[in-house]
Every structure is written in C-alpha cells, then in structure tokens.
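Input: a single structure, listed below in structure tokens.
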Amino acid sequence: MNANLDSLKPGTVLNNDEVCKYFKCSPQGGMRRSLTTNTLVIICNHVKSIYEDKWIGNELHYTGMGQTGDQSLSSQNKTLAESNENGVKVHLFEVFTDTEYLYQGLIKLNGSPYQNQQLDKDQNTRKVWVFPLILLSDRSNNVVSKDTFEKIHLEKIKKAKKKSVASLLTEANLIPKEKVGYRNTQTKAYIRSAVVSELAKRLAKGVCQLCEKPAPFFDQKNQPYLETHHIEWLSQGGPDTKENTVALCPNCHKKMHIVNCSKDRKKLSQKVLTLLKDIG
Ligand SMILES: [Zn+2]
Ligand SMILES: [Zn+2]
C-alpha cells in the first residue's frame with residue numbers, strides 16, 4: 001500500500017491498520033501523536049466514545065484525553081492546545097461504523113480550549129477540556145447523510161434507554177445552555193407528483209382512509225387537513241402512482257411510518273382501488 005500522507009484525500013475510509021501506516025501512529029486512543037510524521041491524529045468515534053463531541057456547523061467541539069477524573073492540559077491535550085504554534089499538523093477522522101475511519105482532513109484549533117463538565121467512564125462528574133476545531137479541507141466533506149446522522153442518534157438513544165432516571169437527570173444537568181450542536185446533512189428528496197397527491201386528497205373527501213374518521217382539524221384555508229402517504233414507501237422503491245397513494249390523518253400517517261403493519265397496508269390498497277373504481 002502506498003501510505004504517502006500527501007496522497008490521502010478527505011472522504012477516504014481507512015481501517016485502523018491503514019491509519020497507523022499513513023500516520024506512523026499508535027493503533028490506540030482518540031488522540032494519537034506521531035513524531036515521525038509530526039502529526040496529531042484525532043479520532044472522533046461516534047459509536048464507542050464516552051465523550052460528548054459536538055459539531056456546531058463546521059466547528060467540532062472535541063473533548064480531550066483522560067477517561068476518568070478531571071482532565072489536564074498535559075500530554076496530547078497540551079500538543080493540541082499548542083498546535084497553532086508548535087508546528088504539529090492535526091488530522092481528523094470520524095467513526096460512524098465500527099472499524100471504518102473516515103478521513104476528514106486537516107483541522108485547526110479555532111479559539112482557546114475551554115473547560116466544561118462531563119461524566120467520566122465511572123459516571124462521575126468531572127472537568128474536561130474542550131477544543132474548538134475547524135476543518136481546513138473542503139467543507140462539503142463535513143456534510144453527512146441524513147441516514148448516518150439518524151444512525152448515530154439511534155445509537156445514543158439505545159444507550160440512554162439503559163440509564164436510570166437519576167443518571168439521565170445528572171447528565172441532562174451537564175448540558176450547556178448555550179451552543180446547541182448541529183450538523184449539515186444531506187437528504188435525498190423525492191419528487192412527488194402534485195396531481196397524484198391532490199387526487200388522493202380529493203378522493204378521501206376529508207376522511208382518513210385508515211381510521212375512517214374526519215380530518216382532525218381544518219387548515220388556514222378551511223380545508224380538512226390530511227397528509228398523503230405512499231403505501232409502498234418511495235424510499236423502498238414504491239411508485240408515485242394513484243394506486244399507491246392515500247390520504248391519512250397525521251396520527252395514522254405516523255402509525256404507517258412507525259408500525260407499517262401488513263393488515264393496514266392491505267386495507268389501504270383495497271380502499272384506494274375501490275375509490276378509483278368508483279370514479280371510473
Ligand atoms: Zn386516521
Ligand atoms: Zn408517508
């Protein structure tokens with residue numbers, strides 16, 4: 001393998017061995033200093049890390065080293081804190097899927113490190129150092145797909161579900177009031193036919209086709225509020241046709257996206273066929 005650092009392009013996915021070959025760094029840790037390549041490799045692991053690393057747009061608020069007790073500005077934390085003066089190049093990887101290291105490129109300290117409180121490995125409150133870092137490479141690489149974003153969030157929910165109310169409360173109390181994190185995401189938007197959607201609503205005549213109750217409210221134009229839904233989801237290859245499109249109340253619409261049981265799908269398919277037959 002040609003492990004020349006200059007040839008490594010942001011967006012490349014490496015395994016751990018390859019990260020070590022490129023950077024001549026240790027195979028372990030979230031901050032890996034390499035004297036040979038004069039780099040500091042930062043790994044932001046969204047799957048395993050206990051740290052609350054947070055993106056605020058293009059700025060990553062990265063928690064330093066030290067899994068238990070108060071963190072100090074020593075060792076790799078010191079290297080990172082002084083990285084604008086010490087000549088060490090800082091590179092960022094993100095992990096969204098175990099063992100896949102996505103190279104995000106060069107990153108730079110974008111302001112002074114600051115302290116806040118987070119839980120450590122043993123669930124004790126402690127002080128950590130947070131480093132505001134900004135990507136120097138093409139910004140578009142920082143855009144993650146909506147699916148990836150949701151996947152990380154689901155992982156976090158899974159972890160949160162295992163915690164007691166008391167520890168949820170402790171952790172909730174540590175969340176800073178300022179600086180809400182956000183990430184630019186990319187989604188695939190399906191181009192749906194307005195005609196098909198309007199036809200489904202007209203045929204429904206203000207009544208939800210699943211629960212068969214009138215729309216729960218009227219919109220600002222005094223029209224019964226229903227939402228159109230594709231029985232076979234567009235995201236799963238379903239067609240944007242009149243036979244596949246129904247009008248539902250918001251409750252039933254949500255139900256179809258959360259539960260999507262075959263009995264309901266069958267009912268909707270039959271209903272839409274009957275309505276279409278009726279209008280000839
Ligand atoms: Zn309904
Ligand atoms: Zn839908």
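Just so you know, these numbers use all the heavy atoms, side chains as well, and skip hydrogens, waters and symmetry mates. First listed ligand is number 1; within each ligand, the first listed atom is number 1.
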Item to check | Heavy-atom neighbours of Lys267 NZ exceed 12 at 6.0 Å | outcome: yes

Checklist outcome for this item: The angle formed at the Zn ion (ligand 1) by SG of Cys211 and SG of Cys208 is about (to 10 degrees) 110°

Checklist entry - Any N/O/S atom of His253 sitting less than 2.8 Å from the Zn ion (ligand 1), backbone or side chain? => result no

Next on the checklist: Quick one, Arg265 with Met256, criterion side-chain contact (heavy atoms from CB on, under 4.5 Å). Give me CA distance, side-chain angles, the key distance, then yes/no.
Outcome noted: CA-CA 8 Å; Arg265 283 205 308 269; Met256 292 312 294; 3.8 Å; yes

Checklist entry - Is Lys201 salt-bridged to Glu198, going by a charged N under 4.0 Å from an acidic O? => result no

Item to check | Angle at the Zn ion (ligand 1) (to 10°), with one arm to SG of Cys249 and the other to SG of Cys252 | outcome: 100°

Item to check | Polar side-chain atom of Asn110 near backbone of Pro132 as donor-acceptor pair, under 3.5 Å | outcome: no

Next on the checklist: Closer than 4.0 angstrom, basic N to acidic O: yes or no for Glu171 and Lys156?
Outcome noted: no

Item to check | N, O or S from His257 under 2.8 Å to the Zn ion (ligand 2) | outcome: yes

Item to check | Shortest-distance N, O or S atom of His229 relative to the Zn ion (ligand 2) | outcome: ND1

